[in-house]
Amino acid sequence: MKFARILSFSLAACLLAACGSDETLPVGGGDGEIVIALQSSGTPASRVSLAGSDPLQHVTYVQVYAFKGTGDDARCVVSENAMWHRQEGQIAAQYYKLRTRLDAGEYTFLAVGIDNPLTGDRLPDTSLRGAATAYGLPDAIEAGDGVITGTRLADAYARLAAGKSADDIASAELMAGFAQAEWNRVDDITVALELRRRVAGVQCYLTNVPEGVTKIELICATPQYSNVPLCKQAEEADFGTEQLGEETEVLLSMPVNDEVLAAESVTLADGSTIAKQRGSVYAAAFLLPIPQQQAMLTLRLTNASGTEVKNVKLDTGEGAYTYDFPLRANWLYSIGHKSADIDEPEDLGGKMTDIVIDGNWQVDVDIPL
């Protein structure tokens, strides 16, 4: 499962290299150009991989959209492949010159980053898992005439595609950023778009599992959500509107047996491998954000005689804990810790009830990814 490797953008990239040849751009009329600056500050350090919490970027494809207007009824008039030049590592940057000539006026610009492997034509390979497969992107947002046709800004959601399930959400990295700008057709403008994760993540790294336990599950009090707005909303409203079935209340499921406990590594859904301590279990997944009043978590341990349930409380970072908390976009909620520098599974031995989960993307800080 890719807990991606973050898209941490900087404006240090070369404009000419990122935009491509001028021969592909419209000419004539002396009109100004609209340049999209895909960027992020890269600080503070972000947690990025479901194979741990180290900052790496793994976006393979970026689509840029323009909506004519800034209100809910603004319709999409541009949908262009930004020809993202995939850059390995922690820092990445790119400028993209919009090819479509727009009328003067106010616009909302949206960029969406996804993680599917690419085909030979540098388009998302939808035969493999990723955000393009899970949400039908980039085609789920359609460009039109801006008056009658074209996706409305209020409808610019990532929605689980027909025939897909929570398993597809669990392995799909999804990022987006938007900004509003006014253009007069004469002057050049640069529109900065900060791409940030639109999914949440959960991660469990556990050791000293009680004898006889055969399965450990992280359970949510409500079914998972199947959609999320691509444009970040106010904190209290930054959630989807539709839920999946009750079976999706299980966020993570970890089998426990001698083979699993003896292993010193785990192979994830994307084929990557993460090292772990002997005697431990590890699992992680993406999910779409869940509102506060519904997001109570429990850890359920199954053995031959039944199940044992442990309550999960969030460390607020202020010497206090809460059992009632949202699962927010751009947050990784982790029981135990795993990164290049930290290897600390949560010790279940002697834990009678409460388990602490760490929302270790910073509280009240929307961390650039």
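Every value quoted in this text rests on a predicted model; they were computed, and no experiment measured them.
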Quick check: is [Y] connected to [X] through a chain of hydrophobic side chains (ILVMFWY, heavy atoms under 4.5 Å apart)?
X    : Y    : result
V250 : I169 : no
L314 : F239 : no
M296 : I290 : no
L206 : L261 : yes
L244 : L288 : yes

Gap separating the [atom1] atom of [X] from the [atom2] atom of [Y], nearest 0.5 angstrom:
X    : Y    : atom1 : atom2 : value
Y65  : I141 : OH    : CD1   : 5.5 Å
T60  : W84  : OG1   : CH2   : 10.5 Å
I355 : T298 : CD1   : OG1   : 11.0 Å
L137 : S79  : CG    : OG    : 10.0 Å
L110 : L193 : CG    : CG    : 7.5 Å

Contact between [X] and [Y] at the side-chain level, heavy atoms closer than 4.5 Å - yes or no?
X    : Y    : answer
T190 : D188 : no
L230 : Y157 : no
V77  : Y107 : yes
P210 : L348 : yes
R129 : D168 : yes
L252 : V202 : yes
V62  : L38  : yes
V112 : M175 : no

Which residues share a side chain to side chain contact (heavy atoms under 4.5 Å, CB included) with [X], sequence neighbours left out:
X    : result
A161 : K164
T108 : F67, T70, L153, F178, Q180
N257 : E259, V260
N81  : Y61, Q63, M83, L123

Shortest non-hydrogen contact from [X] toward [Y]:
X    : Y    : answer
C204 : L299 : SG-CD1, 4.3 Å
I114 : P124 : CD1-CG, 3.7 Å
G144 : T149 : CA-OG1, 3.3 Å
A172 : F286 : O-CD1, 3.2 Å
D115 : A131 : OD1-N, 2.8 Å
Q203 : G336 : NE2-O, 4.4 Å

Can we say [X] and [Y] salt-bridge, meaning some charged N sits less than 4.0 Å from an Asp/Glu carboxylate O?
X    : Y    : answer
K276 : E264 : no
R101 : E33  : yes
D238 : R198 : yes

If you group Ile, Leu, Val, Met, Phe, Trp and Tyr whenever their side-chain heavy atoms sit less than 4.5 Å apart, what else falls in with [X]?
X    : answer
V147 : I148
I342 : none
Y321 : V356

Side-chain donor/acceptor pairs under 3.5 Å, residues 216-229, sequence neighbours excluded:
{"residue": "E217", "atom": "OE1", "partner": "R300", "partner atom": "NE", "Å": "2.9"}
{"residue": "E217", "atom": "OE1", "partner": "R300", "partner atom": "NH2", "Å": "3.0"}
{"residue": "T222", "atom": "OG1", "partner": "Q243", "partner atom": "NE2", "Å": "2.6"}
{"residue": "Q224", "atom": "NE2", "partner": "T248", "partner atom": "O", "Å": "3.1"}
{"residue": "Y225", "atom": "OH", "partner": "Q294", "partner atom": "OE1", "Å": "2.9"}
{"residue": "S226", "atom": "OG", "partner": "E242", "partner atom": "O", "Å": "3.4"}
{"residue": "N227", "atom": "OD1", "partner": "T241", "partner atom": "N", "Å": "2.8"}
{"residue": "N227", "atom": "OD1", "partner": "E242", "partner atom": "N", "Å": "3.2"}
{"residue": "N227", "atom": "ND2", "partner": "T241", "partner atom": "OG1", "Å": "2.9"}

Donor-acceptor pair, side chain of [X] and main chain of [Y], under 3.5 angstrom:
X    : Y    : value
R75  : G150 : yes
Q94  : A82  : yes
R185 : L102 : yes
E142 : A140 : no
E80  : R99  : yes
R152 : A74  : no
N116 : L128 : yes

Exercise. Which pairs pass salt bridge (Lys or Arg N to Asp or Glu O under 4.0 Å) with one or both residues in residues 281-294, sequence neighbours excluded?
Worked result: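 Those involving residues 281-294 do not exist here.
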Exercise. Angle class for the Y205/Y282 ring planes (parallel below 30°, perpendicular above 60°, tilted otherwise)?
Worked result: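 Perpendicular, since the angle between the ring planes exceeds 60°.
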Exercise. Does atom NZ of K215 have more than 12 heavy-atom neighbours from other groups under 6.0 Å away?
Worked result: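 Open: at most 12 neighbouring heavy atoms sit under 6.0 Å from NZ of K215.
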For this session: Taking atom CG of D258 as the centre, report whether more than 12 heavy atoms of other residues, nucleotides or ligands fall under 6.0 Å from it.
Result: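 Open: at most 12 neighbouring heavy atoms sit under 6.0 Å from CG of D258.
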Is there a donor in the side chain of [X] and an acceptor in the side chain of [Y], or the other way round, less than 3.5 Å apart?
X    : Y    : answer
N303 : S305 : yes
T322 : D324 : no
T151 : D155 : no

Who passes salt bridge (charged side-chain N to carboxylate O under 4.0 Å, His left out) against [X], sequence neighbours left out?
X    : value
D187 : none
D343 : K338
K68  : D103

Problem set entry | Trace of the side chain to side chain donor-acceptor pair (under 3.5 Å) decision for D121 with T119 | CA-CA 5 Å; D121 295 328; T119 66; 4.8 Å; no
Problem set entry | Stepwise side-chain contact (heavy atoms from CB on, under 4.5 Å) check, N311 with L297 | CA-CA 7 Å; N311 296 322; L297 301 182; over 6 Å; no
Exercise. Can F109 and I34 be said to form a side-chain contact (heavy atoms from CB on, under 4.5 Å), step by step?
Worked result: CA-CA 11 Å; F109 297 92; I34 300 176; 4.1 Å; yes
